[in-house]
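Below: one structure, written as structure tokens.
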Amino acid sequence: MQEQGPSESELLQNRREKLHTLQQRGIDAYGGRFDTTHQPGALRKEFAPDLEVKIGGRMTARRVMGKAVFFDLSDFTGRIQCYVNKKEIGDEAFELLTDLLDIGDWVGVTGKTFVTRTGEDSVHTTTITVLSKSLRPMPDKFHGVQDREIKYRQRYLDLISNERSRDIFVTRSLMVAEIRRYLQDRGFLEVETPMMQDVPGGAAATPFETFFKALNQPMYLRIAPELFLKRLLVGGFTKIFELNRNFRNEGLSRRHNPEFTMLEAYWAFSDFEQMADLVESMTCHLAEKFCGGLLIEHKDDEGTVTRTINLARPWKRARYGDLIQGVAGADWFTLDTAAKKARCKELHVEVSEHMEDHEVSQQVFEKLVEEKSFDPVFVTHVRKELVPLAKQNKDDASVVDVYELVINGQEISPGYSELNDPIVQRERLEHQAGDETQKMDEDFLLALEYGMPPAGGIGIGIDRLIMMLTGAESIRDVVLFPQLKKK
RNA sequence: GGGUUUGUAGCUCAGUGGUAGAGCAGGAGACUCUUAAUAUCUUGGUCGAGGGUUCGACCCCCUCCGAACCCA
């Protein structure tokens, strides 16, 4: 990461020499507290002329024109232009700006707001304070960092130079805050449960293993908080949520990061249908508040709309079996496994020989339904073997009372009528299907025996939700520091 | 794990089997309303790493290290 060709050290040397000159003149190049009145972008939003202001930011552009200089100060809120006139500010400060500061340095200014002749809201600068000298050259001022590897490994350079990236992460933060507020306003209590667990339960996934020396025992990073949140239902915490990281020791892809953010919420005396309503209304609330409405446009780099997601309510609800029959034929479920696999070949769905019957159906679902569903659809009546922690349907014992919400071609949220019968729960965990095996957590089953109220529960994959709402193509574009292989 | 693409100046990108190019950034000096400021001059490279083929390799071949996309 630190290859220094001769030319780079020349660039570095330049900046170090300027730093040296600053220090010789008794100027602190790494200043301290600087009480600002505004943030750069915020000042621009609430701009009024003739305000005395004090702002700090990174100098991201400088246009020197003889005895006048324009420069931009930026931070995550945006940028504001500053104007300096040599006669007004004095030779020393002018020279500081033109000869000793570089693009990339953190700078504080005081001055009075005004509008330039060309109509740009600006700060007529009267003093300049060095806040931090940057010793490295900035990325291309126009294109920003394009190299994916640099964007992810040195995210700060991406954030400095790409407004689009900055916007996504600001929006993500605001959305997460809004989700918390939305749930709190409806009586949900935010809780924190263990991320280090001795039985990694609540989902079917490979955990990360670690070791706790003091207790001389292995521990696992959680793959889901579910079983602890249910213990809290037993404890009388009847409306709760947790919004934090889960860890799954599986592959990296455009839609998978080993640590990802999950919202789980539980609502006693509710059911999966009411939880579906909650997710639907909350998602629409976010879209209306941050995306300008319920039509979400995804664009490519040229700004051409590549996909439009329509979140208009009510969202479609459809049975798992019906959706599969819709793409694979009405007779699909009358076929034996071999015939199903033959049908898959016709449909250009790849299946492997060792797949069990329900896995073949699931494959058809993923390839022909899930990946092609962009507008929201709640998939209901899912086979019970796939979902051991949900209540069985009263009319059809082979399915469970759950939804799987698909938007943007991805599963974004499951919701259950939570299974609260301790005896049935034990049986269901003992008779799980195929790979979807969850660990038996005796302590959880013990808690259930004390009585868990009937409840609706949801999970929402926050990263995928943010992708859907911001139009990000990859999970790496909504996770600040995605996992990459060590270089 | 497999396939495809990819790695060239600090950044954004060209490039040809015959000793490496542009724009921006950087340096010099000019310029008092610019905004991808402008115009002039200019520094800067182990072409991801290591092997091989060749009189000669950034280019062709092999191995390795990253990254992106697709598949498992």
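Small disclaimer: the values here were computed from a predicted structure and weren't measured. Just so we're on the same page: letters track the sequence lines, and every chain starts at 1.
Atom pair A:E149:CD and B:C69:P shows a separation of 12 Å (rounding to whole Å applied). For the pair A:H256 NE2 and B:C71 C1', the interatomic distance rounds to 14 Å; values are reported in whole Å. Residue A:Q483 contributes atom CD, which lies 15 Å from atom C1' of B:G66 at whole-angstrom precision. Between the CD atom of A:Q362 and the C1' atom of B:A72 there is a distance of 16 Å, given to the nearest Å. A:M65 has its CE atom 13 Å from the P atom of B:A36, to the nearest Å. Taking atom CZ of residue A:R153 and atom P of nucleotide B:G48, one finds them 17 Å apart after rounding to whole Å. Rounding to whole angstrom units, CD of residue A:Q146 and P of B:G7 are separated by 15 Å. What separates CG of A:L135 from C1' of B:G10 is a distance of 14 Å, to the nearest Å.
When heavy atoms are screened at a 4.0 angstrom cut-off, A:V64 is found touching base atoms of the nucleic acid. Within the nucleic acid shown, A:D147 comes within 4.0 Å of sugar-phosphate atoms alone, with no base atom in reach, counting heavy atoms only. Within the nucleic acid shown, A:Y152 comes within 4.0 Å of sugar-phosphate atoms alone, with no base atom in reach, counting heavy atoms only. Across all strands, A:L484 comes closer than 4.0 Å only to sugar-phosphate atoms, never to a base (heavy-atom distances). Contacts of A:R15 with the nucleic acid, taken as non-hydrogen atoms under 4.0 Å apart, are absent. Residue contacts for A:Q81: at a heavy-atom cut-off of 4.0 Å it reaches a base atom on one of the strands shown.
For the C1' atom pair drawn from B:A30 and B:U40, the interatomic distance equals 8 Å after rounding to whole Å. The P atoms of B:A28 and B:U43 are separated by 14 Å, rounded to the nearest whole Å. Here the separation of B:A36 from B:G2, taken at their C1' atoms, is 44 Å to the nearest Å. Remark: the separation of the C1' atoms in B:G7 and B:G48 is 6 Å, to the nearest Å. Here the separation of B:U63 from B:G23, taken at their P atoms, is 39 Å to the nearest Å. Distance check on atom C1': B:U42 versus B:G52 gives 40 Å, rounded to whole Å. Between the C1' atoms of B:G45 and B:A20, the separation comes to 8 Å (whole Å). Rounded to a whole angstrom, the distance from the P atom of B:G50 to that of B:C58 is 12 Å.
B:G66 and B:U6 make up a base pair, with Watson-Crick or G-U wobble contacts both under 3.5 Å. A 3.5 Å limit on both hydrogen-bonding distances identifies B:G52 as the Watson-Crick or G-U partner of B:C60. Base pairing of B:A20: no nucleotide in any strand meets the Watson-Crick or G-U wobble criterion (both distances under 3.5 Å). Pairing partner, B:C47: none, since no Watson-Crick or wobble contact has both distances short of 3.5 Å. When both pairing distances are held under 3.5 Å, B:G1 makes a Watson-Crick or G-U pair with B:C71.
In the set B:C33, B:A67, B:C11, B:A67 carries the atom at the smallest distance from any side-chain atom of A:K485. Counting only heavy atoms from C-beta on, A:H143 has its side chain closest to B:U12 among B:U12, B:G26, B:C71. Checking B:A68, B:C33, B:U34 against every side-chain atom of A:R476, the shortest atom distance belongs to B:A68. Comparing B:U32, B:U43, B:C31 against the side chain of A:A68 picks out B:U32 as the nearest. Ranking B:A68, B:C11, B:U43 by closeness to the A:E10 side chain, first place goes to B:U43. Nearest nucleotide to the A:F70 side chain, out of B:G27, B:G66, B:U34: B:U34. Among the nucleotides B:A67, B:C33, B:G26, the one closest to the side chain of A:R117 is B:C33. Ranking B:A25, B:U12, B:A36 by closeness to the A:V145 side chain, first place goes to B:U12.
For A:E120 against B:U34, a side-chain-to-base donor-acceptor contact under 3.5 Å is absent. Scanning atom types as modelled, no donor and acceptor separated by under 3.5 angstrom connect the side chain of A:D140 and the base of B:G10.
A:I296 and A:L469 get closest at one heavy-atom pair: CG2-O, 3.7 Å.
Near RNA chain B, meaning a heavy atom under 4.0 Å away, the residues from residues 84-112 of chain A are A:N85, A:K87.
Within the structure, every side-chain polar atom (N or O) of A:K141 is placed at least 4.0 Å from both OP1 and OP2 of B:A36. The phosphate of B:A36 (OP1 or OP2) has no side-chain N or O of A:R79 nearer than 4.0 angstrom. Neither OP1 nor OP2 of B:A68 sits under 4.0 Å from any side-chain N or O of A:R254. A sub-4.0 Å separation between OP1 or OP2 of B:C11 and a side-chain N or O of A:K151 is absent.
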*asked:* Show, in sequence, the C-alpha distance, side-chain angles and deciding distance for A:D121 and A:K45, and conclude whether the salt bridge (charged side-chain N to carboxylate O under 4.0 Å, His left out) test is met.
replied: CA-CA 10 Å; A:D121 297 338; A:K45 267 176 217 115; over 6 Å; no
*Carefully, step by step, assess A:Y416 and A:F272 under the rule ring-ring contact (aromatic ring centres under 6.0 Å, His included).*
CA-CA 5 Å; A:Y416 302 171; A:F272 81 99; 9.4 Å; no
*Determine, stepwise, if the pair A:T110 / A:T127 fulfils side-chain hydrogen bond (donor to acceptor under 3.5 Å, both in side chains).*
CA-CA 5 Å; A:T110 57; A:T127 69; 2.4 Å; yes
*Please report the C-alpha distance between A:R172 and A:D463 in whole Å, then the side-chain angles of each, then the deciding distance to 0.1 Å, and finally whether the salt bridge (charged side-chain N to carboxylate O under 4.0 Å, His left out) criterion is met.*
CA-CA 9 Å; A:R172 175 179 177 135; A:D463 309 287; 2.9 Å; yes
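Under the 30°/60° scheme for interplanar angles, the aromatic rings of A:Y320 and A:F365 are found to be tilted.
Between A:T116 and A:A61, the residue anchored nearer the 5' end of RNA chain B, judged by the nucleotide with its closest heavy atom, is A:T116. Each of A:G144 and A:Y83 was assigned the nucleotide of RNA chain B with the nearest heavy atom; the assignment lying further toward the 5' end belongs to A:G144.
One finds a salt bridge joining A:D72 and A:R63 here, because a Lys/Arg side-chain nitrogen approaches an Asp/Glu carboxylate oxygen to under 4.0 Å. Contact check on A:D105 versus A:R58 returns no salt bridge, with no Lys/Arg side-chain nitrogen under 4.0 Å from an Asp/Glu carboxylate oxygen. Salt bridge absent: A:R164 and A:D167 never bring a charged side-chain N and a carboxylate O closer than 4.0 Å.
Residues that satisfy the salt bridge (charged side-chain N to carboxylate O under 4.0 Å, His left out) test with A:K341, not counting sequence neighbours, are absent from this structure. A:R33 pairs by the side-chain hydrogen bond (donor to acceptor under 3.5 Å, both in side chains) definition with A:D35, not counting sequence neighbours.
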